[in-house]
Engineer: 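Dropping the structure in here first, questions after.
Sequence lines set the chain letters: A, B, ... in the order given, protein chains first and strands last, and positions in each chain run from 1.
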There are 2 protein chains.
Amino acid sequence: MAVAARRKFRREGEERRRQDLIEATLDCVAEHGLQGATVRAIALRAGVTAGLIRHYFPGKEELLQAAYVTVMERMTELAKTALATVEHEPGRRLAAFVAANLAPPVVDTGTFSIWASFIGRAGSDPALGIAHRAGYLGFRDEVETLVADALASSGRHASPAELRRLAIAVNAVIDGLWLEGCLAGDMFETGELAEIGIGSVEAMLGLRLRGEREVA
Amino acid sequence: MAVAARRKFRREGEERRRQDLIEATLDCVAEHGLQGATVRAIALRAGVTAGLIRHYFPGKEELLQAAYVTVMERMTELAKTALATVEHEPGRRLAAFVAANLAPPVVDTGTFSIWASFIGRAGSDPALGIAHRAGYLGFRDEVETLVADALASSGRHASPAELRRLAIAVNAVIDGLWLEGCLAGDMFETGELAEIGIGSVEAMLGLRLRGEREVA
DNA sequence: CAAATATTTATACACTTGCATAACAACGCT
DNA sequence: AGCGTTGTTATGCAAGTGTATAAATATTTG
């Protein structure tokens with residue numbers, strides 16, 4: 001009488017397993033929203049059994065929060081990477097920042113689905129709400145700095161109040177175009193969103209951010 | 001031996017019940033996301049028992065779709081109402097449209113929560129995706145018309161391609177500011193978002209939309 | 001006022017959910 | 001090699017899920 005064979009397994013490092021579980025969670029959320037992120041679905045995708053989740057996280061709730069934090073870190077990290085690799089002229093830096101946020105991998109249906117799923121609950125779930133606001137303000141501060149530098153390098157200086165308004169507006173354009181790109185990417189040519197974004201920011205600031213020959 | 005008394009009830013009209021169920025669904029989604037929208041929670045909020053849902057809808061899925069359609073109809077309807085009540089000068093119409101979309105009741109945490117919850121699944125659920133795209137394009141067409149009129153009334157004419165770009169950009173600013181307002185409304189003064197939105201649109205179009213004395 | 005109709009309730013069912021627990025086996029240590 | 005530690009699996013459970021069905025009652029009809 002053959003007894004059911006117990007499944008073989010390997011012991012992965014703690015950090016590695018945690019990361020795998022978070023990744024699997026994000027995949028589930030991206031595909032079917034928070035509803036699709038059941039402990040069993042997550043475990044299946046991570047290649048483990050459901051019980052293991054509770055060995056690394058107090059409960060499903062904490063795993064979801066960790067996943068959300070990871071997403072936001074990843075998004076801001078992508079934006080900063082775009083800044084690090086680009087030249088020092090402030091106008092070009094701002095343009096590069098805008099462009100980077102309006103093209104893959106930032107513009108991505110999976111990422112958007114995750115973002116929307118989590119943010120929908122940020123209003124009712126305090127932990128998620130706090131995590132969101134921190135990420136949002138960080139992003140806006142980054143925008144404000146870039147805008148201030150771009151203005152200063154062209155000899156203009158704005159009052160703090162005006163700077164704030166401009167940062168909010170620039171941030172909004174980026175967010176709005178990002179949204180449209182994620183939701184209906186097929187409606188735009190490659191680079192079109194970035195083009196529109198940079199053009200809009202130029203108009204709002206009254207500056208040219210790019211050299212004359214780069215408009216393509 | 002007292003037999004459990006059967007609950008009293010009233011027969012509401014068909015359309016009324018359907019609307020009540022949809023309303024209850026939206027309340028549930030607004031509070032706890034799609035996860036909170038269980039048939040029992042919905043029924044409880046609508047003041048009926050769970051079984052009744054299946055008398056008015058083939059299944060829960062169809063109720064959710066109907067609820068989503070209702071939300072989008074309501075949002076676009078609000079925007080159009082703002083247009084109907086305002087004067088005929090094209091610039092002012094555009095300004096009023098922008099302002100209406102950046103203040104309550106369009107800017108509202110509950111509405112946003114619903115929107116985010118549904119749109120997160122618009123990528124994977126074809127029915128929701130179609131419903132979304134239709135609503136989105138309708139909104140953008142509206143923007144494009146308003147922009148075209150505003151430009152024309154000030155003697156400028158844009159090519160179709162340029163008009164398209166401007167409409168996308170204006171749409172993005174509205175979306176982005178709406179998002180910020182819904183997520184962190186307490187960070188903005190009353191009317192500040194509308195002010196920023198109109199200012200940004202003016203800059204992008206190179207027009208003044210308001211009379212000189214209305215800037216407040 | 002009685003009968004017919006169909007809205008609404010009540011109950012049951014199969015399934016999924018997150019979580020608890022105990023058995024097990026992979027790995028590090030000596 | 002043997003042993004202990006603990007990462008991992010397997011199993012079970014109570015609560016909650018959507019749905020199916022029958023019974024009951026509010027309302028309409030004759």
Engineer: Take the protein atom CZ of A/R10 and the nucleotide atom C1' of C/dC24, then report the distance between them rounded to whole Å.
Structural biologist: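 In whole Å, C/dC24 C1' and A/R10 CZ are 19 Å from each other.
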
Engineer: In terms of relative ring orientation, are B/W178 and B/W115 parallel, tilted or perpendicular, with 30° and 60° separating the classes?
Structural biologist: perpendicular

Engineer: Please give, in whole Å, the distance from C/dT17 P to A/H32 NE2?
Structural biologist: 12 Å

Engineer: CD1 of B/I42 versus P of D/dT17: gap in Å, rounded?
Structural biologist: 10 Å

Engineer: Taking only the side-chain heavy atoms of B/V39 (C-beta and beyond), determine which of D/dG18, C/dC27, C/dT8 contains the nearest atom.
Structural biologist: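 Taking heavy atoms from C-beta onward, the closest nucleotide is D/dG18.
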
Engineer: Using a cut-off of strictly less than 4.0 Å, decide whether A/H55 has a side-chain nitrogen or oxygen near OP1 or OP2 of D/dT8.
Structural biologist: no

Engineer: In whole Å, what is the span from the CD1 atom of B/I53 to the C1' atom of C/dT8?
Structural biologist: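 Rounded to whole Å, this separation is 13 Å.
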
Engineer: Has the side chain of B/E62 got a donor or acceptor atom that lies under 3.5 Å from a matching backbone atom of B/G59?
Structural biologist: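 Checking the backbone N and O of B/G59 against the side chain of B/E62, a donor-acceptor pair under 3.5 Å is found.
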
Engineer: Do B/T109 and B/C182 touch side chain to side chain, with heavy atoms closer than 4.5 Å?
Structural biologist: no

Engineer: Reading DNA chain D from 5' onward, which residue's closest nucleotide shows up sooner: A/L52 or B/A41?
Structural biologist: A/L52

Engineer: By nearest heavy atom, map A/K8 and B/E14 onto DNA chain C; which one lands nearer the 5' end?
Structural biologist: B/E14

Engineer: What nucleic acid atoms does A/A37 come within less than 4.0 Å of, heavy atoms only: base, sugar-phosphate, or nothing?
Structural biologist: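 The residue A/A37 makes sugar-phosphate contact but no base contact.
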
Engineer: Please state how far atom CG in A/L44 lies from atom C1' in D/dT9, giving the value in whole angstrom units.
Structural biologist: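 Rounded to the whole Å, the gap is 14 Å.
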
Engineer: Please work out if A/T49 contacts a base, only the sugar-phosphate, or nothing of the nucleic acid, heavy-atom cut-off 4.0 Å.
Structural biologist: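 Answer is base: heavy atoms of A/T49 come under 4.0 Å of a base.
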
Engineer: So which pairs with a foot in residues 174-192 of chain A pass salt bridge (Lys or Arg N to Asp or Glu O under 4.0 Å), sequence neighbours left out?
Structural biologist: A/D186-B/R133, A/E192-B/R164

Engineer: Would you indicate, yes or no, if C/dT7 has its OP1 or OP2 atom less than 4.0 angstrom from a side-chain nitrogen or oxygen of B/Y56?
Structural biologist: no

Engineer: Roughly how many Å is it from CZ in B/R17 to P in D/dA26, rounded to a whole number?
Structural biologist: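 The distance from CZ of B/R17 to P of D/dA26 comes to 13 Å, rounded to the nearest Å.
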
Engineer: Does B/R7 or B/P58 map to a spot on DNA chain D nearer the 5' end, using the closest nucleotide for each?
Structural biologist: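 Of the two residues, B/P58 wins.
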
Engineer: Taking the side chain of A/R6 as heavy atoms from C-beta outward, which of C/dA12, C/dT9, C/dC24 is closest to it?
Structural biologist: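 In terms of side-chain proximity for A/R6, the closest of C/dA12, C/dT9, C/dC24 is C/dC24.
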
Engineer: If you check every side-chain atom of A/K60, which of D/dT9, C/dG18, C/dT9 has the closest atom?
Structural biologist: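 Looking only at heavy atoms from C-beta outward on A/K60, the closest nucleotide is C/dG18.
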
Engineer: Where does DNA chain C pair, written as one dot-bracket string 5' to 3', with Watson-Crick or G-U pairs under 3.5 Å, ( ) inside the strand, [ ] for crossing pairs and | for another strand?
Structural biologist: ||||||||||||||||||||||||||||||

Engineer: Do A/R18 and A/F57 meet the cation-pi criteria used here (NZ or CZ under 6.0 Å from the six-membered ring centre, within 45° of the axis)?
Structural biologist: yes

Engineer: Quickly work out the B/E12 CD to D/dT27 P distance and round it to whole Å.
Structural biologist: 9 Å

Engineer: Could you check if a side-chain atom of B/R45 sits within less than 4.5 angstrom of a side-chain atom of B/T25, using non-hydrogen atoms only?
Structural biologist: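 Sidechains of B/T25 and B/R45: no contact.
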
Engineer: Can you tell me how far P of D/dG18 sits from CZ of B/F57, to the nearest Å?
Structural biologist: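 My rounded result for the distance is 15 Å.
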
Engineer: Please pick, from D/dA26, D/dT8, C/dA12, the nucleotide with the shortest atom-to-atom distance to any side-chain atom of B/R40.
Structural biologist: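 Among the listed nucleotides, the one closest to the side chain of B/R40 is C/dA12.
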
Engineer: Write down the atom of B/E12, the atom of B/Y56, and the distance for their closest heavy-atom approach.
Structural biologist: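 Nearest heavy atoms, B/E12 then B/Y56: O-OH, 4.4 Å.
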
Engineer: The side chain of A/R11 lies closest to which of these nucleotides: D/dT8, C/dT8, D/dT6?
Structural biologist: D/dT6

Engineer: So which heavy atom on A/A37 is nearest to which on A/L64, and how close?
Structural biologist: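 A/A37 and A/L64 have their closest heavy atoms at CB-CD2, 4.5 Å.
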
